[in-house]
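A short worksheet on the structure shown next.
Below, read A as the first sequence line, B as the second, and so on, with proteins coming before strands; counting in each chain starts at 1.
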2 protein chains.
Amino acid sequence: MEFKPTIEDVAKLAKVSIATVSRVINNQGGVRKATEERIVSAINELGYIRSAVARSMKRKETHTIGIIVPDIKNPFFPFVVSGIEQKAREKGYYTILSSTNESPIVEEEIVKIFIERGVDGVIITTANETGDHIKLLHDQGIPIVAIDRAIKNFEVDTVLVDNVNGSYQAVQHLILQGHKKIAIICGPQNTTPGHERFLGYKKALEDYNIPLDDKLVIQGDFMEGSGFHATHELFDLEARPTAIFSSNNLMTIGCMKALVDLDWKLGEEVSFIGFDDVEIATFIKPKLSVVSRPMNTLGEIAVQLLYERMNVKGNLPKRQYLLSPELKIRESCQLNKIKI
Amino acid sequence: MEFKPTIEDVAKLAKVSIATVSRVINNQGGVRKATEERIVSAINELGYIRSAVARSMKRKETHTIGIIVPDIKNPFFPFVVSGIEQKAREKGYYTILSSTNESPIVEEEIVKIFIERGVDGVIITTANETGDHIKLLHDQGIPIVAIDRAIKNFEVDTVLVDNVNGSYQAVQHLILQGHKKIAIICGPQNTTPGHERFLGYKKALEDYNIPLDDKLVIQGDFMEGSGFHATHELFDLEARPTAIFSSNNLMTIGCMKALVDLDWKLGEEVSFIGFDDVEIATFIKPKLSVVSRPMNTLGEIAVQLLYERMNVKGNLPKRQYLLSPELKIRESCQLNKIKI
DNA sequence: GATGTAAATCTAAACGTTTACATTTTTTGA
DNA sequence: TCAAAAAATGTAAACGTTTAGATTTACATC
């Protein structure tokens, strides 16, 4: 069946005009019952499938959403993407996905191609929060929703996680357990999540009158390796921290590996909370306490916002969601035994 | 800049016909240097981006690859997808991704939409290996590459992992450590991976003259929960196994959670090997030994095969790759201390 | 300067839909 | 039974490209 029937073939077989066929396949009504039946059976007989390309051509919309993530291998994103994909499909949209490896250059190329392909909207976690390299999208009037990372230089709908609040909760919890020497493994300070999670840490310390000790603030890059090294660094300190707060999932993993290597006893010698839930959290011993982000919801809301913007003609104001992460207390932080 | 310039606008501005502009944007040569320059600057001035939709319409190809996976949240797939996506982009193709939640019904819908959208090829890990629900693709002459799971009822290029070999290696390793009571947590026997991994297990036992004990063969469904329950079941056995082989990553995770719950000491009281590497493997204590699949490579080869089939006019024979997994010995299987 | 040839450029027809508008058919109500 | 109104159907243009084939231009040769 190499032959691909077109709407014209259907029309011919059903002895009607292509306009009528079009009306039937689009459920527009205004077609006599008998005619419709004739058309439907012609469609079935020929195995006709309408060409979305031709349709897009005329309609000037592709029902395609472009997704840009910095690293699909980071377990956070598949969950977000899954939320997006599911919700989008419900609404009749499909997604084209690209991962930039955190490169703004790649990101710019992808944006170009997305425009070429006529995506109706884009959901992006950008590799460069200024957003200059994405300006093109904005100029074309293509709706954008920024997810997890904000875009600074122009206005777009945004779905963020309240990072400050999340890390505040985590650090506060550690403080209430009696810890004073609390270390943080930071993400890059030029990214919103990296910076904000540090701010939450700082604020918690301030609120409880604990001076910030620079030695306990280690810069990482959100990658596993840096979590690993940071932990080693902390271990080597004269005044070792009694608790560690890690700013993301990958660094948490690196940190765990280091703890095992160093035989630094989790929960006993050092308490721990990580930002982001990780697979391992619940079967490592002791189970890891974490700040968990609502990944699926994040994706779903992004689709909702984008959907509205794609389908409402008038101007919508910029909308911004700030989702609260949830502190999941498990077993990795104990009362500090070291007397003050 | 709400106005979207077309090739015609460019032509007008450069004072040439649209045919010449087309030749320039497609690098087809045969255009005088001066003319080309005039066209290029017209393109830049207008910010012209050619419409891939119109192009696809004429060319009858979209340079789009459809990817269908059963569950994007299973950490195995993001790695495969990442391999696909990267390689595809190199070759000028983009990917549209859908996750079926292991539902053949959803899968069929997706296939339909992929056809509607005119994908040039499909890479699929199917939810139903008979492949009947995908027949439509095949009928349309759209190239398919099956990845990780075979398709039975018609011929397609296939990239598989040598499951039999992988589980054989794992079980053999356990046997050589002196284990005789080796349990397996199986995947569904109606899936290729599920069945083959069981076959490898069986074969290893046979080769070493160890009788197969039905009580030690637990059926799971490749989901975390079943790994958890299976482990409980094994623990409750009168004759507890001294080693467990888990057939996939998610069940491994379930199993680990159960071990913690039951306080069944990994490595000491029970040795363990899992199919598929998991994030946790290296910082759980003892570190997990696993059979690891080359996920990235899997995706890359799939793209290569698909690419050839999409761009070669003649008939290619069915090709089948069988990638060997790698046994990564870490610490979770110890010499069996229980004397024989 | 005329001629022939090669190179550059143009014209116009597709590709498969949707849709405004025109036309035909059916229904309604006197 | 007929005209008017409503419903169904048809006609044809458009969407933005690519491309075969026609036409023009440039260049070399004599």
Using atom [atom1] of [X] as one end and atom [atom2] of [N] as the other, report the distance to the nearest whole Å.
X      : N       : atom1 : atom2 : result
I39(B) : dC10(C) : CD1   : C1'   : 12 Å
R23(B) : dA20(D) : CZ    : C1'   : 10 Å
E8(A)  : dC15(C) : CD    : P     : 9 Å

Practice task
For the pair H63(A) and Y93(A), name the ring-plane relationship: parallel under 30°, tilted 30 to 60°, perpendicular over 60°.
Solution key: parallel
Kindly say if [X] contacts the phosphate of [N], meaning a side-chain N or O under 4.0 Å from OP1 or OP2.
X      : N       : value
K4(B)  : dG16(D) : no
R59(A) : dT19(C) : yes
K33(A) : dA8(D)  : no
S51(A) : dG16(C) : no
R50(B) : dT18(D) : yes
S22(B) : dT18(D) : yes
T6(B)  : dG16(D) : no

Problem - Side-chain donor/acceptor of K58(A) to base of dT17(C), under 3.5 Å - result: no
Completion exercise
Judged by nearest nucleotide, the residue sitting upstream toward the 5' end of DNA chain C, A54(B) or V16(B), is V16(B)
Exercise for the section: Would you kindly compare I18(A) and R32(A) by the position of their nearest DNA chain C nucleotide and give the one closer to the 5′ end? Expected result: I18(A)
Exercise for the section: Would you check if there is a donor-acceptor pair between the side chains of N26(A) and R55(A) at a distance under 3.5 Å? Expected result: yes
Exercise for the section: Under 4.0 Å between any heavy atoms, over every strand shown, what does Q28(A) touch: base, sugar-phosphate, or nothing? Just pick one. Expected result: sugar-phosphate
Practice task
Give one of base, sugar-phosphate or nothing for S56(B), where a contact means two heavy atoms less than 4.0 Å apart.
Solution key: nothing
Exercise for the section: State whether R89(A) and E109(B) are salt-bridged, where the test is any N-O pair (Lys NZ or Arg NE/NH1/NH2 against Asp/Glu carboxylate O) under 4.0 Å. Expected result: no
